[in-house]
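As structure tokens, the structure follows; a few thoughts come after it.
We name chains A, B, ... by the order of the sequence lines, and we start the count at 1 in each one.
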Number of protein chains: 2
Amino acid sequence: MQRRNTQQRRLIYDILSRTDSHPTADWIYERVKRYIPNISLGTVYRNLKVLKDEGLILEISDGKQSRYDARIDDHYHFRCDVCGNVYDIEYDIIEINPKVDQLRRSCGFKVSRFNIEFYGICRSCARGEESEKNN
Amino acid sequence: MQRRNTQQRRLIYDILSRTDSHPTADWIYERVKRYIPNISLGTVYRNLKVLKDEGLILEISDGKQSRYDARIDDHYHFRCDVCGNVYDIEYDIIEINPKVDQLRRSCGFKVSRFNIEFYGICRSCARGEESEKNN
DNA sequence: GTATATGCAAACAATTTGCACGCCT
DNA sequence: AGGCGTGCAAATTGTTTGCATATAC
């Protein structure tokens, strides 16, 4: 399929690229509206799907909602149990990879990728602050 | 809150305990109906939540849906990209845990738990079979 | 007896989709 | 010009909830 480079698609990707907050579709929608006031939420969802299909962004599942990430290099995520925000953890490739490779070879499945996610309470929530929700 | 040991709750837990297919609420509902035909889906959801709160089962998020697991000891999951089914991988605690612990201590967050998930194509799908969907 | 649990249906929230029109290329 | 993309609203999907009744204890 021949893809068009629309204003909407460009802006959605641009906004997602400029944040590290792993936002939801709705958060992105609110931001994009500042520039294209009559954009629809459906368009945001459609473009996020396109960008994902093209491998430009990642979709992170949050149980009920999806979050999106324009950072596609190897890294992990930490999710705060209190505010729900997602933070990046650098990919400790030297330490983990050989061990995971060992497991993936021996587990009996053809593993194409894996994902580690950490959970706990983020710094602001530990301090009792109200975190700005990125959703 | 004082909990009652109802027929419905007992059966839901029993059915979940006897499968390793990590089923969805709807799959469980269909099974329970064989014994309690007029049970409602809402009751299944309510009881799954109770069982989870009591720590008897785990909820596994599958993007849009939830899946449930009565196996609460440490183990990993493998999810097939084709059929969506979830399989158990034995927890190779000696190999992985120290490395993950190292990462969780050094990542800068207060990590209370973590989760590793593997993705790929399961045996039946690799053979081109139609897998029975557990959802 | 009484509070917890149930069945039912309506409500919800996140996401997807059908359709007529609009705008990249 | 042609077809992909859009806005809008309705439809779908998974899950939750209010309420009157039933049941475990």
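- Atom pair A:Asp26:CG and C:dT16:C1' shows a separation of 15 Å (rounding to whole Å applied).
- If you take CD of A:Gln65 and P of D:dT16, they are 14 Å apart, rounded to a whole angstrom.
- In terms of phosphate contacts, A:Lys64 brings no side-chain nitrogen or oxygen within less than 4.0 Å of OP1 or OP2 of D:dT15.
- If you measure from atom CG of A:Leu41 to atom C1' of D:dA9, you get 12 Å, rounded to the nearest angstrom.
- Comparing B:Arg3 and A:Ile39 along DNA chain D, the residue whose closest nucleotide (by nearest heavy atom) sits nearer the 5' end is A:Ile39.
- With rounding to whole Å, A:Asn38 atom CG is found 13 Å from C:dC21 atom C1'.
- Both tests do not hold together for A:Arg79 against A:Tyr119: distance to the six-membered ring centre under 6.0 Å, angle to the ring axis within 45°.
- The distance from atom CD of B:Gln8 to atom P of C:dA5 is 11 Å, rounded to the nearest whole Å.
- The nearest whole Å value for the distance from the CG atom in B:Leu48 to the P atom in D:dG14 is 15 Å.
- You'll find that the side chain of B:Ser40 is closest to C:dG7, out of D:dA22, C:dT15, C:dG7.
- Checked by distance alone, A:Arg9 brings no side-chain donor or acceptor within 3.5 Å of a matching partner on the base of D:dG5.
- A side-chain donor-acceptor contact under 3.5 Å links B:His77 and B:Asp69.
- Between A:Ile121 and B:Ser112, the closest side-chain pair of non-hydrogen atoms is not below 4.5 Å.
- If you check D:dC4, C:dT4, C:dT15 against the side chain of B:Arg4, the one that comes closest is C:dT4.
- The side chain of A:Thr43 sits closest to D:dG7 out of D:dG7, D:dT16, C:dT4.
- Dashed line: the shortest gap from a side-chain N or O of B:Asn5 to OP1 or OP2 of C:dT4 is not under 4.0 Å.
- Whole-Å rounding puts the B:Asp53 CG to C:dT4 C1' distance at 15 Å.
- Using modelled atom types, one side-chain atom of A:His22 and one backbone atom of A:Val86 make a donor-acceptor pair closer than 3.5 Å.
- Distance B:Arg46 CZ to D:dG14 C1': 15 Å, rounded to the nearest Å.
- A:Gln2 comes within 4.0 angstrom of the backbone, heavy atoms only, and of no base.
- One finds no side-chain N or O of A:Thr6 lying less than 4.0 angstrom from the OP1 or OP2 phosphate oxygen of D:dG5.
- Remark: B:Arg123 qualifies as a cation-pi partner of A:Phe109 under the 6.0 Å distance and 45° angle criteria applied to the six-membered ring.
- Between A:Tyr45 and C:dT16, a side-chain N or O to OP1/OP2 separation shorter than 4.0 Å is absent.
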